[in-house]
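Reading through the C-alpha cells given below for one structure.
Residue numbers begin at 1 in each chain, while the letters A, B, ... track the order of the sequences.
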Protein chains: 2
Amino acid sequence: MTSESPSIVDVAKRAGVSVATASRVMSGSTYPVSEGTRERVLLAARELRYVPNSLARSLKAQRSKLIAVLVGDNADPYFAQVARGVEEVANSHGYLTIICNTERDPIRELSYLQTLQDYRADGIVFTGSGSDETSVPEQLEIDDMIEKIQRRGAAIVMLSPHNLQAPSIQPDNLGGAYELTRYLIELGHTRIAFVTGPASVTVANQRLQGYRQALTESGITPDDTLLFPGNFTQAGGERAAAMLNQLPREKRPSAVFACNDETAFGLMYGLRQHGWRLPEDISICGFGNLPMARMVTPALTTANISLRELGRAGAQKILALLQHQDTSAQETFPTTIVKRASTIPFAHATSNIDEK
Amino acid sequence: MTSESPSIVDVAKRAGVSVATASRVMSGSTYPVSEGTRERVLLAARELRYVPNSLARSLKAQRSKLIAVLVGDNADPYFAQVARGVEEVANSHGYLTIICNTERDPIRELSYLQTLQDYRADGIVFTGSGSDETSVPEQLEIDDMIEKIQRRGAAIVMLSPHNLQAPSIQPDNLGGAYELTRYLIELGHTRIAFVTGPASVTVANQRLQGYRQALTESGITPDDTLLFPGNFTQAGGERAAAMLNQLPREKRPSAVFACNDETAFGLMYGLRQHGWRLPEDISICGFGNLPMARMVTPALTTANISLRELGRAGAQKILALLQHQDTSAQETFPTTIVKRASTIPFAHATSNIDEK
DNA sequence: TTGTAAGCGTTATCAT
DNA sequence: ATGATAACGCTTACAA
C-alpha cells in the first residue's frame, strides 16, 4: 500500500544533482543542461523507474491537461461518436479526456461543471445540452458557473445550440430539417407527421422549425395534430408508432419526419410490429445518419452530421482557445441530406393507391 | 488570464481563522470545530466563491479520484455502453471517468497506461484488449506497467479475457457461442460458417472455440473453408458477405455465425446487396445483442451481454478493490442467447428446398 | 551550467 | 477548539 513512488528528489539524489537540474531534464525544459548531467539524470530516472506526478505538475503549472466532454448519454451512438472525436484530438495533443453523462439534466450538468472546476479542467466540450427553458433556476447557475470557468482561463465550446456565452460549433439543424422536408414535399407528400425530441431541447426545436418552414413555404399549413411526442430514443419512436397506428386511415400521414435516427429506428420497428409495410405504407426520415441508418430495412433517409468530425472540431477549438488564437465565436457545421429507400414518392405509396 | 481563484488561505483570512480550521470545515473533516467558526468559514467561502482545488487535494491525499476506462473504440456501441456503465458508478461515488480509445493497439495501450500512472489514476477498467499474441514486445511492457500500477495501490479490472495478473469479470463468450451454435444445429443446420474477429484477439477466439466445440460434440467436423476473416466491424461483415457470395451454390453454408453484432449487421447488409433474401437464403446470428439487434430486418439472433451492467460491475469491483475488500479474482459474466427471426429451421431454407 | 528556495493549494501532525 | 507548520511533488525565479 505505502507506494513509495520515487519523486524527482530521489532522482536528483541518485544522479548527484539538484532537484532543479533533475526537473529541467525530466520536464523537457529548454533550459540548458550539459550533456553529461542530462544523461546521468536520465539514467537515474530509468533505474528508479521514476514517473513524474502529473497532479503536482498540474498544480504548479495551473493547468491540468484535462479536457472534459459533457454528453447526454454515451450509450447513444450520436454522443459516443462525438466523444470519440474529442478524445482523438485531445489525446494527440497530450490531454486526457473526461467523460460526463448528463442525461440532459441541468442538475447533473451543474454538478459536473462544479467538479470540473475543482479539477481545473482546461477545456470543456458541451453537447446534448441546450434547453429553451430559461426559467429553470439551474440554468442560471449554469450560466454563472460557465462564466466562472472561463474567467479561470479554461475554454468552453458548445456543440449544440445553447443560449450561453460561449463559442460554439453548431450542426445546421434547421437547414438539414428544411432540406429533408423539402425533399419529402418534392416526392409529393403533403401530410407529413413529425415526431419531436424531448420538450424544450433546442436542437429538437430547431429541427421542428426547419420542418415547419419548409411546409409553410410550400403552401402547406403545419398541422399540429401531426405532431407526435418523442424523446430521441427508440422507445419514443415506438410509442409514436402506436399513436400513428391509432389514427383512422384517412387521417394518416404519408410520411413522417423523425427528429433523430434513433427515433426513426423505433418508429420503423413499431410500425412494422403493427403490420405496416415500409416504405409503401409510409415514408420515414430521420436525422443524424448514424452508422446503422444505412443498415436498416428500408435504408433510412436522413441528414448526415459527421459526428466524429464534429467532436474533433470541438476539441480543436478548445485547443485554439487555450492558445488564445482568435477563433470565430459561432461556427456552423454542415448537414447534408442522404436519400435512401425509406422515402418513396407519394405516387407509389399505398395511402395514395388506396384512395384511388 | 491571471485566474485569482481564491484559495483556502483567502477563506481563512476572511473568516479570521487559521488555514487549518478553514480546511477542517471545507474538507468535511470529522475534526471538531465550534459551530460559530464553522459558519464564519462557510460564509467566507461562499462570499469568495471558493472552489477547493482537487489537484492539490489529490496530491496531498495520494489518490486522484480518477477512474479510467480503456476501450477499443468508443464509437463502437459495445464499448460505448460499457463505458457508460463505468462512468455511472464512478460518478455516483465521486470519481471522474477518463476515457481512452486504444484501437486495440498495444502501443497506444501502453502509452495510456503510462499517462494514467502519471495522473495517479485510482482505478483502470480494461476492455477490448486482450491478445493471444504474447510475442509482441509491448505485451511484456504492458504486463510490467500493470504490475507497477498495482504496486502503487491502484486497482485494475479486466472486462475481457486477458492473460494478465489482474482481477477480471469476463462475459461467458465460450458458453454463449456454444449455445448459439447448438441452437443452429438444433434448427437442422450442419454447414455453419463463422466470421472471425480480429486475429489473435482473445474474445474472438473464445467465441470461435465455443462454435467449434458445439460442432464437434454434434459430430460435425469443423470445416476451415467455412471460416471467413472479420474484424468486428460492419465493413468486415460486408467483406465476408462478398466472399460468401463468391462461393459456388453447393458449397454455401445454410447458416453463419458472425463473431459480433456489428459483423452480423454488415453481413446482412452485404448479402442483401448481393440479392440474397434473409433469412430464407441463409440464417445469421451475431454476438452481443446491441440495441440495434432487434431493430434490423430480420431481427438478429444473438447472445446477450448486459454491457452497461458489465461496465457497472467493473467499476464496482474497482471500488471494492480500493477499499481492500476481498473480491473474487475471476468472475464470469453471464451471456444468454436471444432467439429472433434471423435464424430459421434448415427445413425452411431455400438452400434446402433447392436441393430437393 | 548548476543550485537554492519559494510556492502551487491541501491536509495532517503536533502544539497550544 | 484552534493554530502554526511541515509535507505532497513539481517548476521556476533568482543566485552563484
Please determine whether a side-chain nitrogen of the Lys or Arg among A/Glu138 and A/Arg104 lies less than 4.0 Å from a carboxylate oxygen of the Asp or Glu.
no
Drop me the distance from B/Leu55's CG to A/Asn53's CG, to the nearest 0.5 angstrom.
9.5 Å
Value for CD1 (B/Ile124) from CE (B/Met158), rounded to nearest 0.5 Å, stands at 9.0 Å
Which value, rounded to the nearest 0.5 Å, describes the distance between B/Leu116 atom CG and B/Ile149 atom CD1?
6.5 Å
Please state how far atom CZ in A/Arg152 lies from atom C1' in C/dG9, giving the value in whole angstrom units.
14 Å
Is a side-chain N or O of B/Thr97 found less than 3.5 angstrom from the main chain of B/Ala68, in a donor-acceptor match?
no
Give one of base, sugar-phosphate or nothing for A/Val17, where a contact means two heavy atoms less than 4.0 Å apart.
sugar-phosphate
d(CZ, A/Arg40; P, C/dT1) in whole Å:
14 Å
Within residues 20-33 of chain B, find the residues that approach DNA chain D with a heavy atom at under 4.0 Å, and present them sorted by residue number.
B/Ala20, B/Thr21, B/Arg24, B/Tyr31, B/Pro32, B/Val33
Using a 6.0 Å cut-off, check whether atom CD of A/Glu331 has over 12 heavy atoms from anything other than its own residue.
yes
How would you list, by chain and number, every residue that makes a salt bridge (Lys or Arg N to Asp or Glu O under 4.0 Å) with B/Asp144, sequence neighbours excluded?
A/Arg49
Applying ring pair (Phe, Tyr, Trp, His ring centres under 6.0 Å), name anything that partners A/Phe126, two or more places apart in sequence or on another chain.
A/His162
Interatomic distance where CZ belongs to B/Arg38 and C1' belongs to D/dT2 [whole Å]:
13 Å
In residues 7-15 of chain B, which residues come under 4.0 Å of DNA chain D by heavy atom?
none
Salt bridge (Lys or Arg N to Asp or Glu O under 4.0 Å) pairs, two or more places apart, involving residues 32-47 of chain A
A/Arg14-A/Glu47
Taking all atoms of both residues into account, what is the closest heavy-atom pair of B/Ala80 and A/Asn74, and its distance?
O-ND2, 3.2 Å
Please check the phosphate of C/dG7 (OP1 and OP2 only) for any side-chain N or O of A/Gln62 closer than 4.0 Å.
no
In this structure, are over 12 heavy atoms from other groups packed under 6.0 Å from B/Lys13 atom NZ?
no
Give, ordered by number, those residues of residues 44-60 of chain B having at least one heavy-atom distance below 4.0 Å to an atom of DNA chain D; if nothing qualifies, reply none.
B/Leu59, B/Lys60
